[in-house]
There are 2 protein chains.
Amino acid sequence: MTVSPTRIPEATVARLPVYLRALNSLLDSDIRSCSSEELATAAGVNSAKLRKDLSHLGSYGTRGVGYDVEYLRYQISREIGLTQDWPVVIVGIGNLGHALANFSGFSSRGFRTVALLDADESRHGELVAGCPIRDFGELGQIVREHGVAIGVIATPASAAQAVCDQMIAAGIRSVLNFAPTVLSVPEDVDVRMVDLSSELQILAYHEQRKAPHVEGAPGTEGVA
Amino acid sequence: MTVSPTRIPEATVARLPVYLRALNSLLDSDIRSCSSEELATAAGVNSAKLRKDLSHLGSYGTRGVGYDVEYLRYQISREIGLTQDWPVVIVGIGNLGHALANFSGFSSRGFRTVALLDADESRHGELVAGCPIRDFGELGQIVREHGVAIGVIATPASAAQAVCDQMIAAGIRSVLNFAPTVLSVPEDVDVRMVDLSSELQILAYHEQRKAPHVEGAPGTEGVA
DNA sequence: TAGATTGTTAATCGATTAACAATC
DNA sequence: TAGATTGTTAATCGATTAACAATC
């Protein structure tokens with residue numbers, strides 16, 4: 001219940017999940033304690049940034065020693081809010097929705113998929129990751145029943161805004177959008193967009209600027 | 001072949017695909033010309049940022065008038081490098097790889113999936129989005145044959161680093177990683193990570209800080 | 001005490017924003 | 001010419017980084 005003294009910068013918040021994963025992987029290797037340098041390496045950032053980030057949460061390390069992996073993991077989890085349960089609904093059960101429903105990275109972090117919804121009647125009742133596909137019309141009831149606060153949109157772009165509107169009407173204020181379209185929402189609603197095509201385009205931009213691809217270049221090919 | 005006068009800021013590069021999509025959607029509505037204000041609204045940013053961003057590319061608008069939608073779209077496409085063809089391989093054809101292979105947002109923007117690779121022999125030959133699944137061992141040959149510059153990793157985390165290493169050995173220098181793990185790569189290789197679980201965690205962080213969820217709140221429920 | 005490493009300070013860098021001169 | 005809107009300037013804000021004092 002300790003409230004953080006200051007607002008945590010957005011860039012830091014975005015990296016906390018990365019630190020969390022790095023800590024988990026250290027624990028998997030039975031590493032109980034680490035320096036900022038080690039953790040930073042595992043997380044793919046530099047140690048100055050890591051220490052600065054952690055300083056926004058509090059003083060959870062020991063000078064001259066480093067961090068207790070389990071303790072730091074707990075503190076970050078708590079800060080993010082992963083010590084509570086987050087019921088989630090996924091709307092649009094195509095291949096992507098399917099993949100999301102099966103993604104263990106969600107369930108292992110306190111995100112519990114309470115319903116899979118799809119507009120296609122012919123798919124209702126089908127089990128995906130042990131959860132039946134239900135009608136989109138049940139959204140409001142499900143949100144009320146389970147206290148769903150986070151909605152995931154994995155529909156085609158054409159349906160996304162309508163789905164989003166319904167989610168908001170049902171009381172959802174945090175939306176993760178995989179549909180390639182900008183959603184308009186009231187300002188108290190958070191939308192995060194995962195834009196697959198943008199990611200490729202950003203890579204293409206940089207690739208284009210690299211040294212031209214040399215045919216039969218210095219590469220080590222066929223390293224089986 | 002015109003080289004941009006200055007380096008384009010990273011934050012701007014990340015928004016160019018968004019502008020491109022907004023321009024496409026304007027064209028779909030038969031809108032041939034727009035102001036920075038209109039385009040910014042469609043893209044979900046403010047107009048000052050939009051104009052600043054575009055100013056890094058050149059002067060493609062007309063003062064007092066606005067932008068020609070088709071012309072601006074072409075200029076942004078060219079800047080990103082979408083006027084050329086980008087052969088892509090996808091490795092790991094589970095639900096997510098499946099979804100990516102079928103994603104029209106890739107193919108419609110010059111990204112051509114030339115191969116789907118998976119380590120699981122039992123799936124070899126299976127057609128996904130009209131493309132047969134092939135053995136991961138063929139990676140080097142496929143990259144050479146098609147001049148693949150971009151690799152997509154949709155494997156489990158445990159396989160991702162090895163897949164990435166092979167991609168780099170085969171000559172790939174741009175990687176889009178969906179596996180929930182940090183990849184270590186030489187500095188001339190670009191990795192973009194799409195981290196589904198991080199996105200949910202970031203939403204959870206903000207949700208947690210919002211006003212506590214009121215049971216039976218002012219919501220409009222059941223708006224069918 | 002001496003060595004190690006955190007947490008913080010201060011400098012630097014990059015991104016955002018508002019305002020407006022240029023110009024259609 | 002008058003109105004509209006871009007492209008640019010300059011101010012502000014936030015993020016990164018290096019260096020180091022605090023302290024285990």
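By convention in this document, chain letters (A, B, ...) are assigned in the order of the sequence lines, proteins followed by strands, and residues within each chain are numbered from 1.
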Checklist outcome for this item: Side-chain contact check for A:Ser36: nearest option of C:dT6, D:dT8, D:dT17 is C:dT6
Checklist outcome for this item: Taken to the nearest whole Å, CG/A:Asp53 to P/D:dA15 is 10 Å
Next on the checklist: I'd like to know if A:Arg63 reaches the base of D:dT23 with its side chain, counting only an N/O donor and acceptor under 3.5 Å.
Outcome noted: no
Checklist entry - Side chain of A:Pro9: nearest nucleotide among C:dG7, D:dA15, C:dA15? => result D:dA15
Item to check | Nearest-nucleotide comparison on DNA chain C, the residue closer to the 5′ end among B:Thr12 and A:Gly66 | outcome: A:Gly66
Next on the checklist: Rounded to whole Å, please give me the gap between CG in A:Leu72 and C1' in C:dG7.
Outcome noted: 14 Å
Next on the checklist: Heavy atoms only, 4.0 Å cut-off, all strands: where does A:Glu37 land among base, sugar-phosphate and nothing?
Outcome noted: nothing
Checklist entry - B:Leu54 CG to C:dT17 P: how many Å, rounded? => result 15 Å
Item to check | Closest nucleotide among C:dA15, D:dG7, D:dT17 to the B:Tyr67 side chain | outcome: D:dG7
Next on the checklist: Would you say that A:Phe178 contacts B:Leu196 through its side chain, given a criterion of any heavy-atom pair below 4.5 Å between the two side chains?
Outcome noted: yes
Item to check | Under 3.5 Å: donor-acceptor pair, side chain of A:Gln166, backbone of A:Val163 | outcome: no
Item to check | Spacing of A:Arg51 atom CZ relative to C:dT5 atom P, expressed in whole Å | outcome: 11 Å
Item to check | Presence of A:Asn46 side-chain N/O under 4.0 Å of D:dT17 phosphate oxygens OP1/OP2 | outcome: yes
Next on the checklist: Pick the closest DNA chain D nucleotide for A:Gly64 and for A:Lys52 by heavy atoms, then say which residue is nearer the 5' end.
Outcome noted: A:Lys52
Checklist entry - Do A:Ser174 and A:Asp190 have side-chain atoms, one donor and one acceptor, less than 3.5 Å apart? => result no
Next on the checklist: Using the rule side chain to side chain contact (heavy atoms under 4.5 Å, CB included), only one of B:Val194, B:Leu183, B:Val185, B:Val152 pairs with B:Asn177; which is it?
Outcome noted: B:Leu183
Next on the checklist: Pairing check on C:dG14: which nucleotide meets the Watson-Crick or G-U wobble criteria with it, both distances under 3.5 Å?
Outcome noted: D:dC13
Item to check | Proximity to the side chain of B:Ala11 - top-ranked nucleotide from C:dA15, D:dT16, D:dC24 | outcome: C:dA15
Checklist entry - Rounded to whole angstroms, how far apart are CG on B:Leu39 and P on D:dT5? => result 14 Å
Checklist outcome for this item: A:Leu50 atom CG is separated from C:dG7 atom P, nearest whole Å, by 10 Å
Item to check | Nearest-angstrom distance from the residue atom OH of A:Tyr71 to P of C:dT6 | outcome: 15 Å
Checklist entry - Does C:dG7 have a Watson-Crick or wobble mate here (both distances under 3.5 Å), and if so which one? => result D:dC20
Item to check | From D:dG7, C:dT6, C:dT9, nucleotide with atom closest to B:Ser55 side chain | outcome: D:dG7
Checklist entry - Rounded to the Å, how far apart are B:Leu57 CG and D:dT6 P? => result 15 Å
Checklist entry - Is it true that B:Arg209 and A:Glu79 make a salt bridge, defined as a side-chain N closer than 4.0 Å to a carboxylate O? => result yes
